[in-house]
Protein chains: 2
Amino acid sequence: MNLAKQHILEAAARLFERQGYHATGLNEIIRESNTPKGSLYYYFPEGKEQIGAETALWAGEQISKRIREGLSQAEQPAQAVRMLTLRIANAVEQSNFSAGGPLMMLAAETATRSERINAACRKAYRQMQDALAERLGDDNLAGFVLTTLEGAILLSRVQHSGDALRHAAEYLYTYIKARER
Amino acid sequence: MNLAKQHILEAAARLFERQGYHATGLNEIIRESNTPKGSLYYYFPEGKEQIGAETALWAGEQISKRIREGLSQAEQPAQAVRMLTLRIANAVEQSNFSAGGPLMMLAAETATRSERINAACRKAYRQMQDALAERLGDDNLAGFVLTTLEGAILLSRVQHSGDALRHAAEYLYTYIKARER
DNA sequence: GTCTATATGCAGATAGAC
DNA sequence: GTCTATCTGCATATAGAC
């Protein structure tokens, strides 16, 4: 993929993550990406919706990678999920509660308003769930962990505190641990 | 509270729930509320942000009531939470995945962009958590249930399927049940 | 209390020069 | 590939009549 295009995508991902899809203007994306203004419609001829969809796909791959990395750093699945969740808590706090995955905003705002972006978000979430399931050996459980992570990220952002994520880390740990036997 | 004002608030809540805060225009709220156009700035002189904040507070009270009602319909807390979650799953499906609480969108979109709306959302979430804690007898556990519900609503909406909520219902049931002993 | 008219600005998008 | 200029439309908000 072209470098300028990649810059636009990454800037869009950051902005969607911080403030959402509808609150982000194309001018803002251009500015934030340090990309020549004339490039946007050259690389994304179908406009904002295309940017949204490609951002979701790209984000899904990035996050899945990080999930795999994070989960590989502990012996037992329960402990791995706990550590991953605590890492997210730190990341969210250090970003002043603007981090937490570009997907959540994009997915929530377009669930019933853009079929194209929605399809991309579903695919991205599926990838994330697969990454979790690889380690947990249970797709349903992976779905529940994903659910919990998204909910906890949302509440942590709203409450301007990583506590929701830290609590989630402990509950998930206890739950998965109990299952291991 | 004045009736016209109440109509505006309820229309705003529905629209924010379906499509989000930034995607909803004031004209749309007027149209959907069947309220005279000149009334909006009469009742909400501080504009859209005031509407957002008051909507969040109102929604928080409504949802807390429904949580209390829902949780009172079973003998044991574990079963009560399960039934509440399944009820939400049905509601979300029957709304074509546009329902799921006016708060989520509002809260996510404004977490770092409007202190006023953010404060209102926090208060609303606190009320909801209190309503859960009353029945569960454990504020941390109530927070975890809230986290799970919000995450599951998000994923159900994105995936256009109530499965995430139904799975969450079973996991929460198992978890709370195990604690009862 | 509610109306119409309007101010002002930015949104997404397009055309055509270079 | 990138530029500038511009179109169209809607956004929030305000003023002043009734």
Side-chain angles (χ1 to χ4, degrees), chain A residues 1-56 102 105-106 108-110 112-118 120, chain B residues 1-56 102 105-106 108-110 112-118 120:
Chain A
M1 168 153 11
N2 181 294
L3 196 68
K5 184 171 180 179
Q6 186 62 35
H7 284 152
I8 294 174
L9 229 47
E10 289 176 27
R14 273 197 306 279
L15 289 166
F16 292 159
E17 180 173 32
R18 190 189 312 153
Q19 58 197 25
Y21 178 73
H22 289 108
T24 299
L26 298 182
N27 291 333
E28 230 174 331
I29 296 178
I30 284 303
R31 208 185 314 132
E32 176 104 353
S33 67
N34 292 314
T35 295
K37 186 162 184 172
S39 314
L40 201 146
Y41 279 94
Y42 177 77
Y43 292 112
F44 299 93
E46 288 133 87
K48 193 179 183 181
E49 197 177 19
Q50 183 183 5
I51 297 182
E54 294 199 23
T55 298
M105 291 283 157
L106 212 42
E109 288 183 80
T110 62
T112 58
R113 284 178 64 91
S114 160
E115 279 198 34
R116 181 174 182 178
I117 302 179
N118 176 251
Chain B
M1 166 151 14
N2 181 294
L3 195 69
K5 185 170 180 179
Q6 187 61 36
H7 283 150
I8 294 174
L9 229 47
E10 289 176 27
R14 271 197 307 279
L15 289 166
F16 292 160
E17 179 174 33
R18 190 191 311 153
Q19 58 196 25
Y21 178 73
H22 288 108
T24 299
L26 297 183
N27 292 332
E28 231 173 331
I29 296 178
I30 284 302
R31 209 185 314 132
E32 176 105 352
S33 66
N34 292 315
T35 294
K37 185 162 184 171
S39 314
L40 202 145
Y41 279 94
Y42 177 77
Y43 291 112
F44 299 94
E46 286 132 87
K48 193 181 183 181
E49 198 177 19
Q50 184 185 2
I51 296 181
E54 294 198 23
T55 297
M105 291 283 157
L106 212 41
E109 289 183 79
T110 62
T112 58
R113 285 177 64 91
S114 160
E115 280 198 35
R116 180 173 183 181
I117 301 180
N118 176 252

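Each chain gets a letter, A, B and so on, in the order the sequences are listed, and its residues count up from 1. Not measured: the values here are computed from a predicted model.
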Please report how far the helix from C:dG1-D:dC18 to C:dC18-D:dG1 bends, comparing the axis fitted to its first five pairs with the axis fitted to its last five, to the nearest 10 degrees.
-> 0°
State, with a plain yes or no, whether a side-chain heavy atom of B:I117 is found less than 4.5 Å away from one of B:E49.
-> yes
For atom CG of A:N27 and atom P of D:dA5, their distance in whole Å | 15 Å
Spacing of CD1 belonging to A:I51 relative to CG belonging to A:L15, to within rounding of 0.5 Å | 10.5 Å
Interatomic spacing from CG in A:L26 to CZ in A:F44 - rounded to 0.5 Å | 10.5 Å
Which residues in residues 9-22 of chain A have at least one heavy atom lying under 4.0 Å from any atom of DNA chain C?
-> none
Rounded to the nearest 0.5 Å, how far apart are OG1 of B:T24 and NE2 of A:H22?
-> 9.0 Å
Close residues, residues 41-53 of chain A, relative to DNA chain C [heavy-atom separation under 4.0 Å] = A:Y41, A:G47, A:K48
With a 4.5 Å heavy-atom cut-off, do A:R116 and A:T110 have their side chains touching?
-> no
Under a 4.0 Å heavy-atom criterion, DNA chain C is touched by chain B from C:dG1 to C:dC3
The reported gap from CD in B:E17 to CG in B:L106 (rounded to nearest 0.5 angstrom) is 11.0 Å
Please examine the side chains of A:S33 and A:E10, heavy atoms only from C-beta on, and report whether any two atoms are closer than 4.5 Å.
-> no
Taking side chain as C-beta onward, heavy atoms only, is B:T35 less than 4.5 Å from B:L40?
-> no
Sub-4.5 Å side-chain heavy-atom contact between A:K48 and A:Y21 = yes
CD (B:E46) with more than 12 external heavy atoms under 6.0 Å | yes
Here the gap from B:M105 atom CE to A:E109 atom CD, rounded to the nearest 0.5 Å, amounts to 7.0 Å
Separation between NZ of A:K37 and CD1 of A:I30, rounded to the nearest 0.5 Å = 8.0 Å
Salt bridge flag under 4.0 Å for residues A:R18 and A:E28 | no
Would a 4.5 Å heavy-atom cut-off, applied to side chains only, mark A:L9 and A:Y43 as touching?
-> no
What residues 30-40 of chain B contributes to the DNA chain C interface at heavy-atom separation below 4.0 Å is B:P36, B:K37, B:G38, B:S39
Contacts of type side-chain hydrogen bond (donor to acceptor under 3.5 Å, both in side chains), residue B:N34, not counting sequence neighbours = none
